[in-house]
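Have a look at the structure below before the remarks.
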Amino acid sequence: MADLDHRVAHLAPADPYRWLEDADAPRTRAWLAEQRRRLSVRPQRSDEPAWAALLDRVEREAPDRTPTPPAEAGGVLFRHERGPDGDLLTVRHPDGTRRTPTEGVIGRGDRIAGWQPEPRGRFVAVQLHRDGAENGGLHLLPTGPGERPRHLPDAAPYATLAFTGEALVYTAGTRTEHTLVARHFGDGPARRLALPVSGPVRLTLHGGPGGNLLLRTRPQPSGPVRWWVTRWTGRTVPDWQPLDLDGRRVTALDLNETVCFLASDELLALDLDELSPSACSCGYDIGMLIRAAGAISR
């Protein structure tokens with residue numbers, strides 16, 4: 001892959017690994033194969049002294065810092081903080097009331113690996129790591145009084161999730177083999193959702209307003225990546241419709257109520273108002289991704 005000029009002002013920072021961006025190049029494939037080989041013969045262990053020392057150093061040198069940017073949802077301000085005793089997540093309601101949803105849930109030495117607020121600010125999903133390992137699980141925490149926190153032990157490490165209607169949808173299972181689960185905010189049982197593919201599969205889920213869900217599937221141990229879209233509010237079986245992206249590699253995306261933006265070698269936009277049952281048989285092709293230029297220019 002040809003180098004690009006990354007000059008910023010009078011500086012030209014080195015980019016010695018730019019060749020890795022060419023995923024199909026023999027050199028890149030050989031490098032990835034070697035990394036997988038090394039990982040297989042020496043898997044990560046949370047009890048290694050060097051790993052424990054590194055985590056201890058991070059904890060000691062990062063007190064009172066904000067590890068992730070604040071977020072607002074439903075008028076509620078969420079803030080992830082790291083103090084001398086560990087991580088905590090605080091919220092401030094529009095009336096000025098402050099609460100700490102993680103109080104009583106997160107212990108000394110626990111780390112918040114990821115978090116996402118419900119669009120109306122009533123709940124926040126928090127992924128915890130304990131003692132340097134991915135064993136803290138996913139927690140659904142209320143931001144106000146009257147609700148109890150819920151531990152979701154079936155969630156996958158680094159689960160991807162989306163809030164839709166009155167439910168939280170998340171990936172469950174192991175690091176590489178997933179199912180898709182929906183759990184109502186009340187005390188009802190979890191519900192496993194039908195997937196558009198069969199067999200062991202790795203999932204990545206993205207959510208947007210109006211019940212829009214975007215799903216990336218990759219059969220395990222190896223298989224082609226495919227993308228699917230549906231509009232689901234929790235009352236029916238998800239109607240996954242395939243997106244035919246002609247092999248394009250998606251590098252970023254965003255969803256709103258009517259448009260799904262996909263960044264690849266060009267910016268694409270899918271008109272979600274075109275969703276219909278008849279589309280299931282043929283899926284969406286690139287010809288339907290026609291609103292990008294107009295949507296961006298306006």
Side-chain angles (χ1 to χ4, degrees), residues 21 23 68-78 114-125 158-171 178 180 182 193-197 201-218 224-298:
E21 296 182 15
T68 52
E72 182 275 333
V76 180
L77 180 64
F78 295 79
W115 58 280
Q116 182 174 325
E118 184 260 342
R120 284 174 282 184
R122 299 174 299 165
F123 298 89
V124 58
Y158 289 108
T160 56
L161 55 91
F163 289 98
T164 177
E166 291 293 313
L168 170 67
V169 183
Y170 59 93
T171 53
H178 298 152
L180 200 61
L193 301 183
L195 295 175
V197 295
V201 64
R202 186 169 188 171
L203 306 173
T204 305
L205 180 68
H206 305 272
N212 293 320
L213 297 177
L214 191 67
L215 184 68
R216 178 185 185 267
T217 63
R218 182 171 186 176
V225 171
R226 298 192 65 186
W227 290 86
W228 312 79
V229 65
T230 191
R231 183 170 287 162
W232 188 71
T233 58
R235 298 182 180 275
T236 59
V237 176
D239 185 17
W240 297 109
Q241 303 180 35
L243 297 180
D244 182 6
L245 299 181
D246 285 348
R248 286 173 166 84
R249 184 166 62 95
V250 176
T251 56
L253 60 89
D254 192 22
L255 287 166
N256 62 30
E257 291 185 352
T258 59
V259 180
C260 172
F261 294 99
L262 302 170
S264 182
D265 51 350
E266 59 182 329
L267 181 61
L268 308 173
L270 168 66
D271 187 346
L272 298 176
D273 286 336
E274 295 292 335
L275 288 171
S276 65
S278 61
C280 286
S281 60
C282 60
Y284 286 97
D285 58 29
I286 290 300
M288 299 181 68
L289 304 174
I290 57 176
R291 292 186 53 182
I296 296 301
S297 64
R298 292 194 296 269

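Residues take their numbers from the sequence shown, with the count starting at 1.
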To the nearest 0.5 Å, tell me how far [X] [atom1] sits from [Y] [atom2].
X	Y	atom1	atom2	result
Leu272	Leu214	CG	CG	8.5 Å
Arg248	Leu268	CZ	CG	5.5 Å
Tyr170	Leu203	OH	CG	13.5 Å
Leu215	Leu243	CG	CG	10.0 Å
Thr217	Leu205	OG1	CG	12.0 Å

Which heavy-atom pair separates [X] from [Y] by the least distance, and what is that distance?
X	Y	result
Ala269	Val259	CB-CG1, 3.7 Å
Ala182	Trp232	CB-CH2, 3.9 Å
Trp115	Phe78	CZ3-CB, 3.4 Å
Thr171	Ala159	OG1-CA, 3.4 Å
Trp227	His206	CZ3-CD2, 4.1 Å
Glu118	Arg122	OE1-N, 2.9 Å

Validation row: Val169, Thr164 side chains within 4.5 angstrom (heavy atoms): yes
Validation row: Phe163, Gln116 side chains within 4.5 angstrom (heavy atoms): yes
Any sub-3.5 Å donor-acceptor pair from [X]'s side-chain atoms to [Y]'s backbone N or O?
X	Y	value
Asn212	Thr258	no
Ser264	Arg249	yes
Thr204	Arg216	no
Trp228	Leu195	no
Thr230	Leu213	no

Basic-acidic side-chain contact under 4.0 Å: Glu257, Arg231: no
